[in-house]
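Both backbone and side-chain heavy atoms feed into the values below; hydrogens, waters and symmetry mates do not.
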Amino acid sequence: MRPRVVVGVSGRPGGLTALRRAAAEARLREAELWAVLAWDVPGAGLGGRQGAGLGPSLLLCRADAAVRLRSALTAAFGAAGAGVPVAGRAVRGTPGAVLVDMAGAGDCLLVVGAGPRGALHRCLRPSVARYCVARAPCPVLAVPDARELVGRDGV
């Protein structure tokens, strides 16, 4: 089995930075790139009150996730592609759990965007990168958003 680099895809600018870095790592390691977008039905999580026939259907949500994944790959690599074999996967579930499950083995590299570092954001949304670092059975590379690096360094 060929080695793989698994990367979380969100479609946000920070996620595109992680996607490009994952492709570079896959080229260095002569590995496959697995681009993974985790998705779920809105309101279906813990405490959700979505009843039968309410809200978007499972098929529509799955189709939307596939479109978002393709859009992120196009935004990151354009028509030229990543330069390595790419397998796109849209998987239902929470991002951290899906990524850890997809990485699955010690011979993988898991790449995630580090996400915003603001105190308010940390309170409202748990860190996918932190979840993956704590639970992944393989090395995890947390890539900061390039825009945050520019702002922090004053460049």
Side-chain angles (χ1 to χ4, degrees), residues 2-42 44-45 56 59-105 107-155:
R2 190 172 185 171
R4 68 182 181 264
V5 174
V6 176
V7 60
V9 176
S10 66
R12 290 185 221 112
L16 296 177
T17 302
L19 187 51
R20 290 182 186 112
R21 177 61 188 268
E25 291 291 332
R27 283 190 294 275
L28 287 172
R29 298 164 186 265
E30 297 180 0
E32 291 180 355
L33 178 63
W34 286 18
V36 180
L37 187 141
W39 65 274
D40 210 343
V41 178
L59 293 176
L60 285 175
C61 290
R62 181 180 295 144
D64 178 62
V67 168
R68 288 187 297 137
L69 177 58
R70 279 192 299 274
S71 295
L73 291 170
T74 300
F77 306 121
V84 294
V86 177
R89 308 237 194 287
V91 180
R92 185 176 181 191
T94 59
V98 165
L99 291 171
V100 167
D101 186 52
M102 293 301 287
D107 64 342
C108 292
L109 173 66
L110 178 55
V111 180
V112 294
R117 292 179 176 80
L120 178 61
H121 193 274
R122 283 193 312 265
C123 289
L124 296 175
R125 299 181 92 180
S127 170
V128 173
R130 194 170 289 211
Y131 180 97
C132 292
V133 167
R135 292 170 178 84
C138 62
V140 177
L141 175 60
V143 179
D145 183 350
R147 296 173 307 154
E148 284 192 21
L149 292 176
V150 170
R152 188 173 60 212
D153 295 339
V155 177

Given side chains that start at C-beta, do those of Val67 and Leu69 come closer than 4.5 Å, heavy atoms only?
-> no
First locate atom SG of Cys108, then atom CG of Leu99, and finally report the distance between them rounded to the nearest 0.5 Å.
-> 11.5 Å
Do the non-hydrogen side-chain atoms of Leu73 and Val86 ever get within less than 4.5 Å of each other?
-> yes
What heavy-atom pair brings Ala136 and Leu110 nearest, and what distance separates the two atoms?
-> CB-CD2, 4.1 Å
Between Arg89 and Trp34, is NZ or CZ placed under 6.0 angstrom from the six-membered ring centre and within 45° of the ring axis?
-> yes
If you look at every heavy atom in Gly113 and Ala129, which pair is closest and at what distance?
-> O-CB, 3.9 Å
Less than 4.5 Å apart, any side-chain heavy atom of Pro95 and any of Leu37?
-> no
Quick one: pull up CG in Asp107 and SG in Cys138 and give me the separation to the nearest 0.5 Å.
-> 8.5 Å
Indicate the atoms forming the closest heavy-atom contact of Pro144 with Thr17, along with that distance.
-> O-CG2, 3.7 Å
Quick one: pull up CG in Leu19 and OG in Ser10 and give me the separation to the nearest 0.5 Å.
-> 9.0 Å
From Arg2 CZ over to Glu32 CD, what is the distance, rounded to the nearest 0.5 angstrom?
-> 6.0 Å
Side chain to side chain contact (heavy atoms under 4.5 Å, CB included) assessment of Arg92 paired with Val41 = CA-CA 8 Å; Arg92 185 176 181 191; Val41 178; 3.9 Å; yes
Any Val6 side-chain heavy atom under 4.5 Å of Arg4 side chain | yes
Val100/Tyr131 under side chain to side chain contact (heavy atoms under 4.5 Å, CB included): CA gap, chis, key distance, verdict = CA-CA 9 Å; Val100 167; Tyr131 180 97; 4.0 Å; yes
Measure across Val9 and Ala72 and return the closest heavy-atom pair with its distance rounded to 0.1 Å.
-> CG1-CB, 3.4 Å
Could you tell me which non-hydrogen atom of Arg29 sits nearest to which non-hydrogen atom of Pro3, and how far apart they are?
-> O-CG, 4.1 Å
Would you sort out whether Val112 and Leu141 count as a side chain to side chain contact (heavy atoms under 4.5 Å, CB included), showing the intermediate values?
-> CA-CA 6 Å; Val112 294; Leu141 175 60; over 6 Å; no
CZ/Arg20 to CG/Leu16 distance, rounded to the nearest 0.5 angstrom?
-> 5.5 Å
In terms of heavy-atom contacts, Phe77 and Leu33 come closest through CZ-CD2, 4.2 Å
